[in-house]
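Worksheet for the structure shown next.
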Amino acid sequence: MRIAVQGCSHGELDNIYESIIQSERETGNKIDILICCGDFQACRNENDLKSMKVPKKHARIASFWKYYSGESVAPCLTIVIGGNHEASNHMWELYYGGWLAPKIYYLGSAGVINVGGVRIGGISGIYKKFDYHKGHHETPPLSPPEIVSVFHVRSLEVMRCKSLQRPVDVFLSHDWPLGVYEYGNKEQLLRAKPFFEEDVRNNELGSPPAAEILETLQPCYWFSGHLHVKFSAIIPHDQFGKCTRFLALDKCLPKRRFLQIVEIGKTLSTPPVLEYDPEWLAILSDTAHFYNPLNFDQKLPPFAKVSEERIEAVSEKFGSMIIPENFSITVPVYGENVSQDRYDPSANPQSMIFCAKLGIKNETVPEGCTGMPGELDISRDSEANMSLNTSARVTRLDNSAINFINDDTPAKKKEEVHSFKDFSAPEIKTPTPTKKKSSLKPKSSTPVILKRRLTLPQPKNSSQLTSPDNIDTETKPPLSESESVPAKKTICLPEITSPEEAGTAAGLIPPGMEEKKEEEEEG
């Protein structure tokens, strides 16, 4: 399955989708799924824009509203997590996940789904220590302090993610796991972002909860955004070669490395279909009682133990695992008559149907709204009646170019693709991998709270590992047949950038120190 991975979207849906369309046109290879790693900015109207934490100079309605209204339609299935610049009014309606627009699915505050035989999980938001143990006390309409705190990661979602026992193929987060920079080219990262140096020195660059999830789940791939720089790393987990391939990408702007293509799992002969994850449904059901918006010092167990018998029982009660295409417009769209002085909260039908089927309380119903889960007709006909059929219309992006690297044949000359300007693919130099001394520690039954640095054991034969900077170019580390995770196809990470960047060196482009203020505002 060919997956396009996007860093921070920042509302640039038209440009992102046009880059995908052009790559398909030039290569003849269909993109099955687009994954967006936060800062999606799903603004439906001006009131959504008011709920987004963003500097005034960057506040704009962007293009999502066209996909919400049906004026445009996504050219491929899109999976989204939230970041720290989101239309929080909209995201809150879909706390457990749902369709932001036709073909655009939000994983929720945390979620796991299955698509094309690949298990994808993710957690939205960024980590802030002072909000981590609080309940979700924010509800629309959001006050100014709540606009800031609503996207902060909470311990409840982290506990749910760490409760997963079945193998996870792909995991998404907006901010990076703490310490992941130790497993890539840290020097190159600091040349590109010199103002990261103090945080790296103090071991404060990244999210400690995300590092806990990484160490617990050990997924095959981990994709992130947030820091507006491309960075790759290989995090080893045992002496048998099991590892996580980490990739962070930039925001969608000219001269930025914002989009990458990977191949994971089997080739699809039919359009991908999203499915609920049975284990995740059981975890949500068994942890629903922990949801307490008024608890400001929440003490939770490290894991929620969910047995296979419990998973089977919840699945049988829930019914079909296929996620229904039951998107519906719930608020006026940009350009229509929208009240500018107040926000009218709404209970999203998707959340109400989901909670009713799972048998849990719908926590997203704002105060004053009517309609609880028991009052809904959740029949197949009612779901079908809420679906929205749209027609495709995508505008052309004039300043995009694609540089593809064929990973399966490293000896073959790199294929060069361009939109309106000839260029040569840069030579990629592979640095020599370095060995790190570490002792193998058995995996304990309880999670390790990473107070210092993410320390994971290196493979016994570290010379077999691919250099971290070459994760997306020529080869990949061998995986043992004894691994619990099914073998995947060779990873293929071709790069999509602007034509201006195509002629530069293969390394990251070091911006000047004058970029620091802008990055801190937007990141």
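S63 places a side-chain N or O within donor-acceptor distance of the main-chain N or O of G11, the cut-off being under 3.5 Å. A donor-acceptor pair under 3.5 Å is absent between the side-chain atoms of T78 and the main chain of I104, judged by distance alone. In this structure a side-chain-to-backbone donor-acceptor pair under 3.5 Å is missing from S88 to V150.
Side chain to side chain, H85 and H174 fail the donor-acceptor criterion of an N or O pair below 3.5 Å. For S173 and S224, the side-chain atoms include at least one donor-acceptor pair closer than 3.5 Å.
Salt bridge annotation for K242-D238: absent, with no cationic side-chain nitrogen under 4.0 angstrom from a carboxylate oxygen. Taking 4.0 Å as the cut-off between side-chain N and carboxylate O, E93 and R44 count as a salt-bridged pair. Electrostatic pairing of D48 and K50 does not count as a salt bridge here, judged by no charged N lying under 4.0 Å from a carboxylate O.
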Apply salt bridge (charged side-chain N to carboxylate O under 4.0 Å, His left out) to residues R201 and D199 and explain how you reach the verdict.
CA-CA 5 Å; R201 184 169 58 251; D199 286 341; over 6 Å; no
Take F196 and Y181 through the test ring-ring contact (aromatic ring centres under 6.0 Å, His included) and record every step on the way to the result.
CA-CA 11 Å; F196 289 173; Y181 46 81; 9.3 Å; no
Under the side chain to side chain contact (heavy atoms under 4.5 Å, CB included) rule, what do L214 and Q218 come out as? Steps first, then yes or no, please.
CA-CA 5 Å; L214 170 60; Q218 301 181 4; over 6 Å; no
Mind running side chain to side chain donor-acceptor pair (under 3.5 Å) on Y96 and N348 for me, showing each step along the way?
CA-CA 11 Å; Y96 296 104; N348 196 296; over 6 Å; no
When you look at I120 and V115, which way does the side chain to side chain contact (heavy atoms under 4.5 Å, CB included) test go after all the steps?
CA-CA 8 Å; I120 301 176; V115 53; 3.7 Å; yes
Start with the C-alpha gap between R245 and I235, add the side-chain angles, then the distance that decides, and say whether side chain to side chain contact (heavy atoms under 4.5 Å, CB included) holds.
CA-CA 6 Å; R245 296 169 180 83; I235 301 97; over 6 Å; no
Quick one, E182 with K186, criterion salt bridge (charged side-chain N to carboxylate O under 4.0 Å, His left out). Give me CA distance, side-chain angles, the key distance, then yes/no.
CA-CA 6 Å; E182 295 291 352; K186 183 168 65 175; 3.3 Å; yes
What verdict does the side chain to side chain contact (heavy atoms under 4.5 Å, CB included) test give for I261 and V5, after you've listed the backbone C-alpha separation in whole Å, the side-chain angles of each residue and the deciding distance to 0.1 Å?
CA-CA 6 Å; I261 297 174; V5 182; over 6 Å; no
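With H137 as the fixed residue, the ring-ring contact (aromatic ring centres under 6.0 Å, His included) test singles out one of W92, F296, Y291: F296.
Screening residues 138-150 for salt bridge (Lys or Arg N to Asp or Glu O under 4.0 Å) gives E138-R154 as the qualifying pairs, with residues at least two apart or on separate chains. Residue pairs meeting the side chain to side chain donor-acceptor pair (under 3.5 Å) criterion with at least one partner in residues 125-136, sequence neighbours excluded, are D131-K134, D131-H152, H136-E157. Among residues at least two apart or in separate chains, there is no salt bridge (Lys or Arg N to Asp or Glu O under 4.0 Å) pair with a member in residues 72-90.
Taking the side chain to side chain contact (heavy atoms under 4.5 Å, CB included) definition, one finds that L358 meets it with L281, L284, S285, V314, F318, F354, I360, sequence neighbours left out. Remark: S315 pairs with no residue by the side-chain hydrogen bond (donor to acceptor under 3.5 Å, both in side chains) rule, at least two apart or across chains. Residues that satisfy the side-chain hydrogen bond (donor to acceptor under 3.5 Å, both in side chains) test with R60, not counting sequence neighbours, are E12. Qualifying side chain to side chain contact (heavy atoms under 4.5 Å, CB included) partners for S9, counting only residues two or more places apart in sequence or in other chains: Q6, I16, C36, F40. Applying the ring-ring contact (aromatic ring centres under 6.0 Å, His included) rule to W99 yields the partners Y105; only residues at least two apart in sequence or on another chain are considered. In this view, F171 and W222 satisfy the ring-ring contact (aromatic ring centres under 6.0 Å, His included) rule, not counting sequence neighbours. Checked against side-chain hydrogen bond (donor to acceptor under 3.5 Å, both in side chains), N114 has the following partners two or more places apart in sequence or in another chain: D277. Applying the side-chain hydrogen bond (donor to acceptor under 3.5 Å, both in side chains) test to T287 and every residue at least two apart in sequence or in another chain returns R160. Qualifying side chain to side chain contact (heavy atoms under 4.5 Å, CB included) partners for Q165, counting only residues two or more places apart in sequence or in other chains: E279.
Relative ring orientation between Y68 and F64 is described as tilted, the plane-to-plane angle lying within the 30° to 60° band.
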